[in-house]
Amino acid sequence: MGTIVNHRDFRPKPSTTSSVSQPPPSPSTSSSSSTSRTDTIVGTHEFKINGYSLAKGMGVGKFVASDTFAVGGYAWAVYFYPDGKSGEDNAAYVSLFVALASEGTDVRALFELTLLDQSGRDNHKVHSHFNRMMDAGPYTLKYRGSMWGYKRFFKRSLLETSDYLKDDCLIIHCCVGVVKTQTEGPKIYSIAVPPPDIGQHFGKLLESGKNADVTFEVEGEIFSAHKLVLAARSPVFRAQLFGPMKDQNSQCIKVEEMTAPVFKVLLHFMYWDALPDMQELFGVNFKWAFTLMAQHLLAAADRYALERLRLLCEVKLCEDVAINTVATTLALADQHHCFQLKDVCLKFIALPENLRAVMQTDGFIYLKESCPSVLSELLQYVARIGEHSVKVRAYHNEFYLDSSDVNGRRVKPRLY
């Protein structure tokens with residue numbers, strides 16, 4: 001017969017055999033979790049009832065209905081009873097309901113019906129289920145045709161003398177919130193989806209030159225490309241290559257008024273949908289060189305209607321505004337309708353510490369010749385900044401805006 005040993009008194013005894021008994025392995029444990037999530041999908045509908053006086057008298061239980069509208073995957077409609085829904089208890093009232101107009105079972109929803117005050121004082125008559133949802137919860141509609149609303153929504157005699165009725169018209173605003181619950185468990189998979197790489201595929205196609213069917217000659221340099229890719233990316237190339245006025249010699253097209261490096265970057269963007277590393281591409285590492293490329297590329301992007309490239313160039317030029325390049329950039333911004341870039345350039349040039357230096361650059365001469373109208377805009381910016389400068393200086397030097405100093409003597413304001 002075995003002996004029962006209290007665990008606290010248990011002491012291991014020396015074993016007389018070479019084998020040692022092991023305790024049984026503890027059972028493996030597993031855990032899981034899930035989350036119940038309840039959301040409200042809200043939608044609204046405005047129902048106008050024109051000719052209320054004509055609808056009145058149609059009879060108890062008769063209604064005018066709104067068009068159906070969708071919220072939360074179900075169809076709904078507003079029903080207005082000008083003579084009441086039932087005669088036994090509300091013949092003196094108008095009735096208003098919102099109904100489930102599509103198939104559904106146990107559809108849970110919140111409602112709000114509002115009769116709009118048309119006097120402009122916003123004294124609307126609101127009956128809202130949303131405000132009471134903590135007390136009663138959502139209302140459950142059992143089947144198609146189930147309704148929520150009020151038999152005695154408004155006394156008819158009061159309604160007809162109120163600001164809710166204007167030009168024989170009533171306006172009803174209906175809000176429906178469909179309540180949906182779903183349970184989410186943990187994902188049983190972990191699949192890493194790589195980022196889109198279509199640009200790499202097209203870029204490698206450009207680099208390989210395989211199946212190229214059009215060439216471009218730019219400053220004596222030849223570039224191979226694919227008509228379909230260019231046509232898909234640019235409406236200008238589409239017209240040039242496939243339109244009724246397409247070039248007769250569409251196998252080799254000569255590009256005028258563009259440098260070969262700019263066209264190379266343009267093609268790179270059209271295939272890769274990204275700008276290349278300029279330093280790696282051209283072997284230069286000067287900020288002015290990148291700005292110059294962005295200026296030329298901006299004009300090329302506008303020429304071929306590449307809007308995204310045009311915006312990228314605009315951003316780059318906004319970031320790199322400088323004394324020796326800003327006037328040329330301003331001219332380009334005006335010519336190619338880059339309004340934010342133009343504003344940045346005007347504000348930069350108009351600063352007193354920049355204006356004189358910019359006026360001494362070759363770019364400013366080009367600006368005067370190519371965009372004389374921009375100079376009047378620049379003068380407005382200068383005047384605006386000048387006025388602000390006078391006010392600030394006046395404050396720091398303790399004279400008032402009426403051109404008198406603190407002792408009452410007249411002084412002549414100076415523009416700084």
Side-chain angles (χ1 to χ4, degrees), residues 34-56 58-86 90 93-118 120 122-154 156 159 162-185 187:
S34 62
T35 301
S36 175
R37 183 171 184 165
T38 302
D39 296 309
T40 304
I41 304 168
V42 179
T44 62
H45 181 78
E46 185 178 274
F47 180 32
K48 275 188 179 180
I49 302 173
N50 288 315
Y52 163 79
S53 61
L54 297 176
K56 186 176 67 168
M58 66 191 312
V60 175
K62 304 293 185 181
F63 59 83
V64 291
S66 72
D67 194 5
T68 58
F69 56 96
V71 181
Y74 299 96
W76 305 88
V78 178
Y79 288 78
F80 177 73
Y81 298 78
D83 297 318
K85 192 172 186 292
S86 58
N90 64 334
Y93 291 83
V94 297
S95 303
L96 188 62
F97 286 84
V98 56
L100 178 64
S102 62
E103 297 298 332
T105 304
D106 294 333
V107 179
R108 302 173 71 235
L110 301 166
F111 304 99
E112 184 175 279
L113 290 168
T114 304
L115 186 60
L116 297 186
D117 175 12
Q118 300 187 67
D122 294 334
N123 187 26
H124 311 304
K125 182 175 177 60
V126 182
H127 288 272
S128 179
H129 189 197
F130 285 84
N131 298 334
R132 304 197 307 272
M133 63 182 178
M134 294 299 293
D135 299 327
Y139 184 79
T140 301
L141 295 97
K142 296 293 185 180
Y143 45 80
R144 180 178 182 175
S146 298
M147 290 183 169
W148 178 93
Y150 297 88
K151 288 183 179 181
R152 298 188 175 190
F153 184 76
F154 209 116
R156 190 179 304 107
L159 174 64
S162 70
D163 290 324
Y164 303 110
L165 183 64
K166 181 180 180 181
D167 298 330
D168 207 24
C169 173
L170 295 173
I171 302 176
I172 297 166
H173 186 273
C174 175
C175 181
V176 178
V178 177
V179 178
K180 291 192 174 184
T181 301
Q182 62 179 0
T183 299
E184 300 174 351
K187 291 181 179 179

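No hydrogens, no waters, no symmetry mates; every other heavy atom, side chains included, goes into these values.
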Subject >> Name of the residue among V98, L96, T114 meeting side chain to side chain contact (heavy atoms under 4.5 Å, CB included) with C174 >> reply: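 Answer to the side chain to side chain contact (heavy atoms under 4.5 Å, CB included) test with C174 among V98, L96, T114: V98.
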For [Y], does its backbone N or O pair with a side-chain atom of [X] as donor and acceptor, under 3.5 Å?
| X | Y | value |
| --- | --- | --- |
| D83 | M58 | yes |
| S95 | G84 | no |
| R156 | Y93 | yes |

For residues 37-46, run the donor-acceptor check on the side chains, cut-off 3.5 Å, and write out each pair with its distance to 0.1 Å, sequence neighbours left out.
| unit_1 | atom_1 | unit_2 | atom_2 | d |
| --- | --- | --- | --- | --- |
| R37 | NE | D39 | OD2 | 3.4 |
| T38 | OG1 | T181 | OG1 | 3.0 |

Report the distance from atom [atom1] of [X] to atom [atom2] of [Y], rounding to the nearest 0.5 Å.
| X | Y | atom1 | atom2 | answer |
| --- | --- | --- | --- | --- |
| W148 | Y139 | CH2 | OH | 10.0 Å |
| L100 | T140 | CG | OG1 | 11.5 Å |
| L165 | D117 | CG | CG | 11.5 Å |
| S162 | K125 | OG | NZ | 10.0 Å |

Side-chain polar contacts of residues 67-81 - donor-acceptor pairs under 3.5 angstrom, sequence neighbours left out - could you list them?
| unit_1 | atom_1 | unit_2 | atom_2 | d |
| --- | --- | --- | --- | --- |
| W76 | NE1 | V71 | O | 3.2 |
| W76 | NE1 | Y74 | O | 3.4 |

Original post:
Going by the salt bridge (Lys or Arg N to Asp or Glu O under 4.0 Å) test, which pairs reach into residues 95-107, not counting sequence neighbours?
Top reply: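 Every salt bridge (Lys or Arg N to Asp or Glu O under 4.0 Å) pair that includes a residue of residues 95-107, provided the two are not neighbours, is E103-R144, D106-K142.
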Nearest heavy atoms of [X] and [Y], plus distance in Å:
| X | Y | result |
| --- | --- | --- |
| P82 | A55 | CG-O, 3.6 Å |
| C169 | Q118 | O-NE2, 2.8 Å |
| V176 | F130 | C-CZ, 4.3 Å |

**OP:** Can you sort out the partners of T35 under side-chain contact (heavy atoms from CB on, under 4.5 Å), two or more places apart, ordered by chain and number?
**Re:**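 side-chain contact (heavy atoms from CB on, under 4.5 Å) check on T35 returns nothing, list empty.
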Original post:
Can you say whether the rings of Y164 and F154 are parallel (under 30°), tilted (30 to 60°) or perpendicular (over 60°)?
Top reply: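 If you compare the ring of Y164 with that of F154, the planes turn out perpendicular.
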Subject >> Min side-chain heavy-atom separation L115-L159 under 4.5 Å >> reply: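 L115 reaches L159 side chain to side chain.
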Original post:
Is there a side-chain contact between H124 and L116, using heavy atoms and a 4.5 Å cut-off?
Top reply: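 Touching, per the 4.5 Å side-chain cut-off.
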Subject >> Counterpart residues, side-chain hydrogen bond (donor to acceptor under 3.5 Å, both in side chains), relative to S128 (two or more places apart) >> reply: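 Once residues adjacent in sequence are excluded, the partners of S128 under the side-chain hydrogen bond (donor to acceptor under 3.5 Å, both in side chains) criterion are E112.
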Subject >> Those residues that, when tested against N123, pass side-chain hydrogen bond (donor to acceptor under 3.5 Å, both in side chains) (two or more places apart) >> reply: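 Testing N123 for side-chain hydrogen bond (donor to acceptor under 3.5 Å, both in side chains), a comparison that skips the adjacent residues, returns none.
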Original post:
With sequence neighbours left out, which residue pairs that include part of residues 47-56 fulfil the side-chain hydrogen bond (donor to acceptor under 3.5 Å, both in side chains) condition?
Top reply: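 Qualifying pairs, neighbours excluded: Y52-E160, S53-D168, K56-E160.
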**OP:** With sequence neighbours left out, write down each residue that passes ring pair (Phe, Tyr, Trp, His ring centres under 6.0 Å) with H127, or none if nothing qualifies.
**Re:**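 Testing H127 for ring pair (Phe, Tyr, Trp, His ring centres under 6.0 Å), a comparison that skips the adjacent residues, returns Y150, F153.
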